[in-house]
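So the structure is just underneath, and the comments pick up after that.
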Number of protein chains: 2
Amino acid sequence: MNRSASIKDVANHASVAVGTVSNVLNYPDRVSQRTKDRVLRAIDELGFVRNDAARQLRAGHSRTIGLIVLDVGNPFFTSVVRAAEDAAALQGSAVLLGDSGHDAGREANYIDLFQEQRVQGLLISPVGDVTERLDLLRERGVPTVLVDRLADEEKFSSVAVDDDAGGYLAARHLLDTGRRRLAFVGGSTSIRQVADRLQGAQRAVKEEPDATLEVLVSEGQTVLAGRSVGNMLVERDRGELPDGIFCANDLLALGVMQSLTMTHTYRIPEDIALIGYDDIDFAVSAVVPLSSIRQPTEALGRTAIELLAEEVEAQHARHRAVVFTPELVVRQSTGAPSAD
Amino acid sequence: MNRSASIKDVANHASVAVGTVSNVLNYPDRVSQRTKDRVLRAIDELGFVRNDAARQLRAGHSRTIGLIVLDVGNPFFTSVVRAAEDAAALQGSAVLLGDSGHDAGREANYIDLFQEQRVQGLLISPVGDVTERLDLLRERGVPTVLVDRLADEEKFSSVAVDDDAGGYLAARHLLDTGRRRLAFVGGSTSIRQVADRLQGAQRAVKEEPDATLEVLVSEGQTVLAGRSVGNMLVERDRGELPDGIFCANDLLALGVMQSLTMTHTYRIPEDIALIGYDDIDFAVSAVVPLSSIRQPTEALGRTAIELLAEEVEAQHARHRAVVFTPELVVRQSTGAPSAD
DNA sequence: GCAAATCTTTGAATCGTTTCATTGTTACGA
DNA sequence: TCGTAACAATGAAACGATTCAAAGATTTGC
């Protein structure tokens with residue numbers, strides 16, 4: 001296959017000037033019907049496809065937006081990505097997706113790549129702390145929005161979800177359904193998300209004088225870690241058991257559920273109510289459909305694109321940090337009569 | 001922020017010719033140390049970043065590869081993507097990822113976008129059948145490799161997994177562990193993957209004169225669909241139950257497992273052995289760790305990139321269709337003493 | 001039928017990089 | 001000291017699309 005047709009080839013083939021071909025593509029109204037037909041036919045016959053490189057060289061910027069996430073496999077990000085793509089499409093941009101896989105090196109590669117591509121801007125859920133890498137972007141004037149990470153409004157716009165509020169919601173829901181001896185299950189509180197969710201839960205518990213909250217630290221945030229915690233609970237005396245458990249994510253909750261249902265000693269939700277966090281697909285199809293806290297991922301993605309557009313348009317506008325409040329999803333595991 | 005620095009600005013700032021700056025970037029050996037230092041300093045001081053558009057305009061092609069998958073949320077594709085990215089990085093290319101979400105329109109958009117970007121080539125797991133869209137790519141000479149879809153070798157190179165072999169492996173394993181009354185659970189056999197896996201299972205069963213295979217059609221391929229099938233089985237007389245169940249995917253298998261373990265009437269694997277397909281993350285953390293068939297996703301992604309490289313280099317070489325054989329993963333649900 | 005107004009079309013200049021033939025410099029052996 | 005390699009640096013041309021001032025064509029109004 002030889003080199004593909006250029007606008008010049010089209011112009012020759014249709015016996016018009018290159019400017020006319022360009023007009024057909026960009027300002028069809030300026031061109032007479034006759035000419036337009038001839039040009040379109042030529043385009044078709046030659047299989048002409050616009051060369052985006054030439055286009056954006058002239059324009060000085062591309063029509064793409066870079067999006068770097070920590071893990072495309074994580075349903076949370078998958079959903080954010082999808083929403084961002086749709087929102088970008090609405091404003092005529094396309095999203096280039098990069099997966100850093102929690103690796104700072106890969107992240108740096110994508111940042112460089114996207115800068116060379118002269119993306120309109122960057123959405124990024126950064127690996128680790130906000131470092132010089134990002135400050136550099138800021139200095140270079142690359143419009144940037146942080147995703148799922150609160151940022152100093154002096155420096156960046158950002159979108160995030162209020163984990164404290166989520167934790168409050170979950171605990172409040174357990175309290176509202178009459179539970180008083182609550183337990184929080186989560187990995188190390190050095191993970192910010194875990195700490196915030198716990199804090200929110202504690203805030204709710206303080207509102208009820210007769211309520212208590214026990215903190216159970218799990219080995220990681222997996223189903224298996226949850227099962228260990230569950231097994232430990234099953235061995236307790238009945239009187240020492242919590243009557244409501246809030247897990248820092250759904251995987252942990254599913255593990256706890258496995259332990260409790262397997263032994264058939266305790267019933268969910270009659271003896272123990274259980275609520276998770278994230279509302280993953282599996283939550284609804286657990287043995288006992290799992291109540292959970294759903295994060296507004298679509299809003300996150302959409303808003304990130306919108307904030308980016310603001311940054312692009314008003315170069316020197318103040319940055320904005322938008323925080324969303326998550327949503328309670330009640331299912332059977334916390335005592336709804338029957339659920340979706 | 002004004003327009004970013006160009007190679008010309010760097011040249012001025014370092015008092016050299018533009019060609020020299022270019023040489024520093026592309027052929028450092030051709031440039032004396034003194035000049036190189038000066039140029040590098042200028043680059044640093046001006047915060048110069050190569051403009052990829054201009055670069056690839058000159059080069060005639062980009063250093064990116066387009067990858068369009070049916071669903072980034074699907075762990076199968078996530079894993080393929082990751083492997084493809086790594087393999088591409090090794091040869092100095094970057095992957096642009098598009099998610100068609102099983103939507104032909106979105107797919108078409110990405111195909112157009114990637115063509116305008118003049119990607120080196122395209123990896124695509126196409127929506128529906130291989131249609132004119134793809135034939136058009138072929139005619140245009142865009143190197144293309146189909147992923148997870150067998151293709152006419154006259155037309156395309158492709159990488160795929162042998163589902164018939166996978167079905168055989170699963171059924172053969174059940175037979176090898178002494179089961180004789182097998183059941184296959186799957187959605188409609190109009191889905192090619194389901195049909196192939198069933199066919200492979202049937203092939204294995206035919207090898208044992210005293211073995212039988214019952215086909216149970218589920219309503220879709222979800223956990224809930226699996227649970228319906230499971231509930232139906234639990235109501236049968238013990239004598240009419242299968243002693244080995246092969247599910248067309250892990251979600252179905254997890255649903256079946258829920259039904260069986262919840263009632264505590266039958267034990268897995270003692271009464272009924274259970275095996276799924278795909279080896280999703282959840283398989284290992286099920287109540288009874290689930291045996292499954294693992295697809296070689298890393299090999300798929302890597303090989304796809306390699307085949308694409310072949311296509312790019314040898315324009316008129318014959319295409320190749322590479323088929324991988326999946327792998328049996330034995331866990332507790334089919335009677336391993338104890339598993340990972 | 002003619003001037004003015006409107007609509008079409010033209011094509012050179014431009015974007016930032018790479019390429020490469022040419023020119024300038026240095027080093028070395030005779 | 002000179003001639004010649006070997007090495008460095010130069011800068012114009014090219015890539016393909018868009019822009020825009022200018023020219024050309026057509027229509028309108030009188």
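Note on naming: letters A, B, ... go to the chains in the order of the sequence lines (proteins, then strands), and numbering restarts at 1 for each one.
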Once side-chain hydrogen bond (donor to acceptor under 3.5 Å, both in side chains) is applied, do any residues pair with [X], and if so which ones, sequence neighbours excluded?
X	value
A:Thr303	none
B:Gln115	B:Arg140
A:Arg320	A:Glu310
A:Ser125	none

Quick one: ring pair (Phe, Tyr, Trp, His ring centres under 6.0 Å) pairs with a partner in residues 85-136 of chain A, sequence neighbours left out?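 Of all non-adjacent pairs touching residues 85-136 of chain A, those that pass ring pair (Phe, Tyr, Trp, His ring centres under 6.0 Å) are A:Tyr110-A:Phe114.
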Which ring pair (Phe, Tyr, Trp, His ring centres under 6.0 Å) pairs, counting each pair once, include a residue from residues 56-86 of chain B, with sequence neighbours left out?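 Of all non-adjacent pairs touching residues 56-86 of chain B, none passes ring pair (Phe, Tyr, Trp, His ring centres under 6.0 Å).
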Between the main-chain N or O of [Y] and the side-chain N or O of [X], is there a donor-acceptor pair closer than 3.5 Å?
X	Y	value
A:Ser79	A:Pro75	no
A:Arg149	A:Pro126	yes
B:Lys8	B:Val18	no

State which of [options] makes the closest approach to the side chain of [X].
X	options	result
B:Leu57	C:dC15, D:dT10, D:dC15	D:dC15
B:Ala54	C:dG16, C:dT18, C:dG11	C:dG16
A:Thr20	C:dT18, D:dA17, C:dT9	C:dT9

If the helix axis at each end comes from five base pairs, how far does the helix from C:dG1-D:dC30 to C:dA30-D:dT1 deviate from straight, to 10°?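 Inter-axis angle at the ends, rounded: 40°.
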Rounding to an integer number of Å, can you tell me how far [X] [atom1] sits from [N] [atom2]?
X	N	atom1	atom2	result
B:Leu25	C:dT19	CG	C1'	14 Å
B:Gln56	C:dT19	CD	P	14 Å
A:Lys8	C:dG11	NZ	P	12 Å
B:His61	C:dT17	NE2	P	17 Å
A:Ile7	C:dC15	CD1	P	18 Å
A:Asn23	C:dT10	CG	P	10 Å
A:Arg118	C:dT17	CZ	C1'	11 Å
B:His13	C:dG16	NE2	P	17 Å

Per-nucleotide protein contact along nucleotides 23-28 of chain D, 5' to 3', at a 4.0 Å heavy-atom cut-off (B base, S sugar-phosphate only, - neither), is ------
Over all strands shown, is B:Val21 touching base, sugar-phosphate only, or nothing at heavy-atom distances under 4.0 angstrom?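 Touches nothing.
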What closest approach, in Å, do B:Ala94 and A:Leu113 show between heavy atoms, and which atom pair accounts for it?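 Heavy atoms only, the tightest pair is CB-CD2, 3.5 Å.
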Using a distance-only test with no angle check, is there a side-chain donor-acceptor pair under 3.5 angstrom linking B:Thr144 and B:Glu311?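 No - no donor-acceptor pair under 3.5 Å links their side chains.
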Regarding B:Asp278 and B:Gln295, is there a side-chain donor-to-acceptor distance under 3.5 Å anywhere?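 Yes, B:Gln295 and B:Asp278 have a side-chain donor paired with an acceptor closer than 3.5 Å.
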Restricting to nitrogen or oxygen on both sides, can you table the protein-nucleotides 12-14 of chain D pairs closer than 3.5 Å?
none

Please enumerate all residues that pass side-chain contact (heavy atoms from CB on, under 4.5 Å) together with B:Glu154, with sequence neighbours excluded.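 Partners of B:Glu154 under the side-chain contact (heavy atoms from CB on, under 4.5 Å) test: B:Asp152.
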Compare side-chain N and O positions of B:Arg55 against OP1 and OP2 of D:dC15 and report whether any pair is under 4.0 Å apart.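 So the side-chain polar atoms of B:Arg55 never come under 4.0 Å of the phosphate oxygens OP1 or OP2 of D:dC15.
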Scan residues 26-46 of chain A against DNA chain D and write down, sorted by residue number, each residue with any heavy atom closer than 4.0 Å; if none is found, say none.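 A:Asn26, A:Tyr27, in order of number.
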My understanding is that only residues two or more places apart in sequence, or in another chain, count here; which of them pass ring-ring contact (aromatic ring centres under 6.0 Å, His included) with B:Phe48?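 Partners of B:Phe48 by the ring-ring contact (aromatic ring centres under 6.0 Å, His included) criterion come out as none, since no residue qualifies.
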